[in-house]
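Everything on this sheet refers to the single structure shown next.
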There are 4 protein chains.
Amino acid sequence: MEEENSRANDRELGRREQTRSHNQALILAAARAVFAEYGYSRTTVRDIIRATPLAAGTFYNYYKSKDEIFQAIRDETALKVRPLLREARSGSKTADKFIYATFRTFFDFVVAEHAALVTGHSSNAMHVRVDTPEIIAGFGELEEDLASAIAAGILPRVDIKYLTASIAGLAFELSENMMDREKPDPEAAARFATDLVLGGISGMAKK
Amino acid sequence: MEEENSRANDRELGRREQTRSHNQALILAAARAVFAEYGYSRTTVRDIIRATPLAAGTFYNYYKSKDEIFQAIRDETALKVRPLLREARSGSKTADKFIYATFRTFFDFVVAEHAALVTGHSSNAMHVRVDTPEIIAGFGELEEDLASAIAAGILPRVDIKYLTASIAGLAFELSENMMDREKPDPEAAARFATDLVLGGISGMAKK
Amino acid sequence: MEEENSRANDRELGRREQTRSHNQALILAAARAVFAEYGYSRTTVRDIIRATPLAAGTFYNYYKSKDEIFQAIRDETALKVRPLLREARSGSKTADKFIYATFRTFFDFVVAEHAALVTGHSSNAMHVRVDTPEIIAGFGELEEDLASAIAAGILPRVDIKYLTASIAGLAFELSENMMDREKPDPEAAARFATDLVLGGISGMAKK
Amino acid sequence: MEEENSRANDRELGRREQTRSHNQALILAAARAVFAEYGYSRTTVRDIIRATPLAAGTFYNYYKSKDEIFQAIRDETALKVRPLLREARSGSKTADKFIYATFRTFFDFVVAEHAALVTGHSSNAMHVRVDTPEIIAGFGELEEDLASAIAAGILPRVDIKYLTASIAGLAFELSENMMDREKPDPEAAARFATDLVLGGISGMAKK
DNA sequence: CATGAATGAGAGTTCATTCAT
DNA sequence: TATGAATGAACTCTCATTCAT
């Protein structure tokens, strides 16, 4: 039986490898879409494989469980954006650049990956945001960087934990509002957020 | 006949009603706790009654379904805080009072009702926030009030939708951070949030 | 507590007795109606007491179980009609009288008790007919009487079991058809059935 | 990809399909038996699968619900017998042939399908007969054919609705009696029913 | 490795019955 | 004895996971 399969599948060299990563990609993409749409518990493995040309059991050749693929997606997302954020902030010599880089990078990322889980706008009216170890680590990094920036005199001395929370809250909530708009504009959103954090609304004027 | 019986049973009805509302309270409290812990879908009705000395079927003497109690809790929360928020803002003649009143009222409420669902800090690493009609209406009210304040010259002309989202994001995220602290201080949190919104971090100095 | 109740209930002498049989009658009537409407399993005890001013637990002061009241109703029905049928047949000296008396009595009874269970025309399209010991005994009596009539030369020698079944089948099915008509006419139905059994359709002419 | 796989798996699909239809047959047979034994509402899906070597959930791989399999069985039965009945009657040029063909076909069918639901002889003492659209249509067809036969002068002018009901009542009741006998004899039963309908018992003599 | 039916624990819910009042 | 909330077994159905093919 295995021989027959290999005969059928190996007409091209490396076909197996190709199929394997192809299938993995199919499953990941389907999972991302479905988790983003329904959230973790309301998503069934059947939903995922139904969004795939594959069969139910095949799923388990790639992921040990529904939980595993979920965490894989979450971490994958956080792992992608975290280096971007750190790098963006690392070169910033002014408060404006520091804060703007943070928001801009985050909003750009959300636009690029808006099918993914970070900001799940589920059809049945629930915001789900996941605090995985990876994401928590991301918050930790932000806090560290804020501390460094304060130490370097780039940012004023404020309650760092509240500032971290504020930036996170603004980032998540504004990114959602931004994505609801006709044409998401990460530049404008980042500008708004940065101005708010730095100078408050006092110095803003509506365009 | 019913009247006669009730006359005869009056003394006991007091007891019964007492037990009844006691049980209702037990179930509500359990549900609040479990929903906050696990979110809607991961919570089972059995989880709720297990957190109670009652039997499985008893739940359904009080709520027709898992959905019904969930909505009851959500709306109860939103319906309680919304009038408070509106009233707090209504008398504010300055930007500072307006913004501070909003945050302070919200944080006070979170401290008072910290077992409730609105800001669920789940142990299994998920933030769930539900956009019920009630909560969405709350956002709408905030937006309206912001528009009025801008029209009245109390607040400067800024992107109202982004401002609404910003205040909401700050409120939810800071309230969570506040509750994680040893001694939640709504005054300090509201002060931080208000200063941030009005003047940004530029004018802040860490105490 | 008991004293209070008796004070309340005993203003008239024998009131208790009266209430008791009154309640029993209420429950029986409600049960008859609901069983006839929904059949045994789709009827809930709640349905029965809901059709009553009484409380759930009261039911069990009168009947040990749902099953018990169901059987009571079934047997009550059969026990009422069986003596009527026997008596009607007993005096019949001719085949026509014998057969006609059987059908006519049965159809009259159905008209009179059409809310009861014997011929249940349930709203969800099911015919339910119950073969309780009482009803089976009724069939047995019919068979006995047919045997006697044959022995007496009143009826010809035919397969008694098939004849019994035929009469039963005609009785049940025609009674249902009769009850579906605008104005149920037991006389006409009994005439039709009798003529069919005695002479077949050959000698009939449509009115 | 699916095509390739099916090519590769062709030999096994035969097995699988075989198992599949085997299981389907197991479930159908069990359902037929249990429904016949207990009727619709008293039958639980658990009863059905318990009468099977399969697991609880397997049922739902074949039927979406208890209702679906019930209707499948009902309609399957009615749909099988109806064309047979119509065809049997269609060629009949005399009253005897017409009536005999109807009963004989029905009784033959009952003998062949005696496990089925149409005529349920339940051990817990209930006859259940379901008026599905299919069965009602069967009655309608009988009535139509009777009307045609009367119009053609084959049958005398009698109350068609009562005649239809009579034939149905005789068919159901006699078939049950027939099946209770040691050796069911559809020919004899059909002869009895036909003679009864055509000439009544007057012309009969017990064998 | 793909397949997809089988599995069975467990979900939400109902309801006959019990029992404190 | 009437009350009606409490009970918990049993129901229909779902779904993550397994496994023979």
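Since this is a predicted model, take the numbers as computed values, not measurements. We name chains A, B, ... by the order of the sequence lines, and we start the count at 1 in each one.
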Pick the closest DNA chain E nucleotide for C/K66 and for A/G57 by heavy atoms, then say which residue is nearer the 5' end.
A/G57

For A/F59 and B/K64, take the nucleotide of DNA chain E holding the closest heavy atom to each; which residue's nucleotide lies nearer the 5' end?
A/F59

How close or far is atom [atom2] of [N] from atom [atom1] of [X], stated in whole angstroms?
| X | N | atom1 | atom2 | answer |
| --- | --- | --- | --- | --- |
| D/I49 | F/dC13 | CD1 | P | 13 Å |
| C/D47 | E/dA16 | CG | P | 8 Å |
| C/R42 | E/dA16 | CZ | P | 14 Å |
| C/H22 | F/dA2 | NE2 | C1' | 14 Å |
| C/I48 | E/dC15 | CD1 | C1' | 12 Å |
| A/Y38 | F/dC15 | OH | C1' | 16 Å |
| C/E68 | E/dT17 | CD | P | 10 Å |
| A/L26 | E/dC1 | CG | C1' | 15 Å |

Touch check for B/T43, heavy atoms < 4.0 angstrom, all strands: base, sugar-phosphate only, or nothing?
sugar-phosphate

Which part of the nucleic acid, if any, lies within contact of D/Y62, taking any heavy atom under 4.0 Å across all strands shown: a base, the sugar-phosphate backbone alone, or nothing?
sugar-phosphate

Flag this pair as yes if the NZ/CZ of B/K66 is under 6.0 angstrom from the six-membered ring centre of B/Y40 and inside a 45 degree cone about the axis; otherwise no.
yes

Considering all heavy atoms of both residues, which atom of A/A72 and which atom of A/Y63 are nearest to each other, and what is their separation?
CB-CE2, 4.3 Å

Sidechain-backbone polar pair: D/T52 side chain, D/L54 backbone, donor-acceptor under 3.5 Å
no

Flag, side chain of B/T43 to backbone of B/V34, donor-acceptor distance under 3.5 Å:
yes

Please walk me through it: do B/R32 and B/E37 pass salt bridge (charged side-chain N to carboxylate O under 4.0 Å, His left out)?
CA-CA 8 Å; B/R32 256 193 285 266; B/E37 181 82 4; over 6 Å; no

Relative to the 5' end of DNA chain F, which residue comes earlier, A/S65 or D/T44, by the nucleotide with the nearest heavy atom?
D/T44

Nearest-nucleotide 5' precedence on DNA chain F, C/R46 against A/R46:
C/R46

Establish, with yes or no, whether the OP1 or OP2 oxygen of E/dT14 is under 4.0 angstrom from a side-chain nitrogen or oxygen of B/Y60.
no

If only side-chain N and O atoms count, and only distance matters, is there a donor-acceptor pair under 3.5 Å linking A/D47 with A/T44?
yes

Checking contacts here: which listed nucleotide ([options]) is nearest the side-chain heavy atoms of [X]?
| X | options | value |
| --- | --- | --- |
| C/N61 | F/dT3, F/dA5, F/dT17 | F/dT3 |
| A/L54 | F/dT14, E/dA16, E/dT3 | E/dT3 |
| A/T58 | E/dT3, E/dA6, F/dT7 | E/dT3 |
| C/A55 | F/dG4, F/dT1, E/dA6 | F/dG4 |
| C/N23 | E/dT17, E/dT14, F/dA2 | F/dA2 |

Any strand counts, and the cut-off is 3.5 Å on both contacts for Watson-Crick or G-U wobble. Which nucleotide pairs with F/dT14?
E/dA9

According to the Watson-Crick and G-U wobble definitions, with both distances under 3.5 Å, which nucleotide is paired to F/dC19?
E/dG4

